[in-house]
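Right, one structure below, let's go through it.
Below, chains carry the letters A, B, ... as their sequence lines are ordered, and counting in each starts from 1.
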Number of protein chains: 2
Amino acid sequence: MSAGSVLVAGGTGYIGSFTTLALLEAGYKVVVTDNLYNSSVEALNRIELICGKKAEFVNVDVTDEAGFDKVFEAHPDIDSVIHFAALKAVGESGEKPLDYYMVNVYGTINLLRSMVRHNVTNIVFSSSATVYGDATRFPNMIPIPEECPLGPTNPYGNTKFAVETAITDVINAQRNNAIKAGNEAEAKKWNGALLRYFNPAGAHPSGIMGEDPQGVPYNLLPLLAQVATGKREKLLVFGDDYASHDGTAIRDYIHILDLADGHLKALNYLRANNPGVRAWNLGTGKGSTVYEMIRAFSAAVGRELPYEVAPRRAGDVLNLTANANRATTELGWTPQRTLEQACEDLWLWTKNNPQGYRQQPPAELLAQLKK
Amino acid sequence: MSAGSVLVAGGTGYIGSFTTLALLEAGYKVVVTDNLYNSSVEALNRIELICGKKAEFVNVDVTDEAGFDKVFEAHPDIDSVIHFAALKAVGESGEKPLDYYMVNVYGTINLLRSMVRHNVTNIVFSSSATVYGDATRFPNMIPIPEECPLGPTNPYGNTKFAVETAITDVINAQRNNAIKAGNEAEAKKWNGALLRYFNPAGAHPSGIMGEDPQGVPYNLLPLLAQVATGKREKLLVFGDDYASHDGTAIRDYIHILDLADGHLKALNYLRANNPGVRAWNLGTGKGSTVYEMIRAFSAAVGRELPYEVAPRRAGDVLNLTANANRATTELGWTPQRTLEQACEDLWLWTKNNPQGYRQQPPAELLAQLKK
């Protein structure tokens, strides 16, 4: 039974692959596109090992003008896109902003043009809490609700913001043009979800699927994982003089399976309720300090992980925590997994796959999977 | 004597052509690119009639990936771009937003990529007061200063905002990367001017050069000009119940020659002072109501022009007036021409060129030009 057909752009990456898994498990047919710039098709094999279902893969660069056209023409049953295809390193975006504008902004313009040409009418967009910028400028808005005025503070965030406005303007225009033409049924078909997420964390509890970044990771948990495996001597804690209970910065870590489930629920909601464009935060609403994260991951690993305090980084803020009430109320989405589970799942993945997707998973994990 | 070589992208349009004239008069060599979608190369002939100098023309679509490369390769002396190439109708942007994102946003990404490839380091961007959105939400910021928080309210404004962030991010990155490489001289070469203008008005006092829009105009003065020539029965005044002295909305009209001079001064300032990226408002600081404009243009025409009051339009606001102190202080720019002159110049152009650039200018105007 198929719930429908979905294109997942950037579907071999970290969040994209877990969302593909969630879609397949829910009965969707999935076509994954990716240019494999920072990911591996092996992710799709792991998905098949876990759920017994296969996503079709097509190598498409998001900036290729004809790329999506070919996919939509070959799959006229696709009515929705979940769009992850983007560059995502905040620091790099400051050095190579044109790459970010080209891939993230032009890539989305290109995708939207192809969607309009082929009447593909729903889009779930992988936005980011980065669009809020320094939300601490609104002290009464922590945890951050979707109504918080946006104000990104780096090129990566600027590209996410530009894409949010592009999707909003395009969906609204498709709706208004259809209504002017007297076609309300057509108008309702056009919908967009802007999913602003906080800090994705963890891996699949089977231990055979997780984040497999090329190069140096730039998020706290992957860095801690490298400390645990000895690839990195110690963790640098950027600032212990913030106004939190232990002095370190507060972030909202969300288990990757919960995040993937949020994408599935958002897509279902678009298709069932035709809301037009709407933003939802996906986070736990619970903030954790850097020291709390070090303790939690150390507990999963079974030993204390070394760290050293360094000066604050420019642009970092005290507290980025989601108010995710809207997603709970409207999407029926509530994070099910704890931070401890995220740490345990990440450690299981890390210690069993030192080469990530570049090696086969251990036989004992595969054997467990079959039980 | 050449002051330098400049590419004017979109240089056959209304503001682009007057800026080209100002650059040529100031001794710059100018290469104009345009796709002639909403303009005519005849504008460049009129420029030559007026100043005796010729801009080179190359037909380039701003979204053509190789287009600017060819121009920069043929003209290695170009170190600056003044960028007008864009779609500009607010209403149309609500119906066809993807065209606006494609041309305005992607077009600029494409231009910036080509500039970086060819070490063309200064850009003067044709932004718009539209980026401020409904500035009346900050009552203490009328007239609007550049510090006013931005918040565009339509797709056209969203594209201008996205381009402002793209230019800012790219110039800052080029500077920071050069500084990290220890090359301060290289860093200083990268500069950008974001010119936010209010309502351009008027024509060349010779009567042979002016605005020549295709289709229905959407600004007050061109509409009034059509009433004066009988192409339009009467002017519709959208709302006479605003909180102004006569009930109609207040805008800041700036003579096109002053606006063009602002572009020239901004370019000179970038080249002389290396400020990095900076925004300047170009307006008179003096607001005029719709009724005042009807009276002023009626006086230029010599008879009362008919109008009718209609309901307010959604999205219109009471007052959009520039605080242009920054441009005065930093660029040494002060508008020299009155609203009455703008009306007289527009009427001279309109009555002598009923077909715009699609017919030759009257012999008597050409004869006057030679004196």
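The number of heavy-atom neighbours closer than 6.0 Å to NZ of A/Lys96, taken from other residues, nucleotides and ligands shown, is 12 or below. When the shell of 6.0 Å around CD of A/Glu184 is examined, it contains 12 or fewer heavy atoms from other residues, nucleotides or ligands.
The six-membered or imidazole ring of B/Tyr101 lies away from that of A/Tyr106, with a centre-to-centre distance of 6.0 Å or more.
When all heavy atoms are compared, the tightest approach of B/Asp169 to A/Pro97 is O-CG, 3.4 Å. The minimum heavy-atom distance linking B/Gly94 with A/Ala173 is given by the pair O-CB, 3.2 Å. Pairing each heavy atom of B/Asn177 with each of A/Glu95, the nearest pair is ND2-O, 2.9 Å.
Interface residue B/Val105: only side-chain heavy atoms are found under 4.5 Å from chain A. Neither the backbone nor the side chain of B/Tyr100 comes within contact range of chain A; no heavy atom of the residue lies under 4.5 Å from a heavy atom of that chain. In this structure, chain A has no heavy atom under 4.5 Å from any part of B/Asn176.
Distance check: A/Leu98 CG to B/Ile109 CD1 gives 7.5 Å after rounding to the nearest 0.5 Å.
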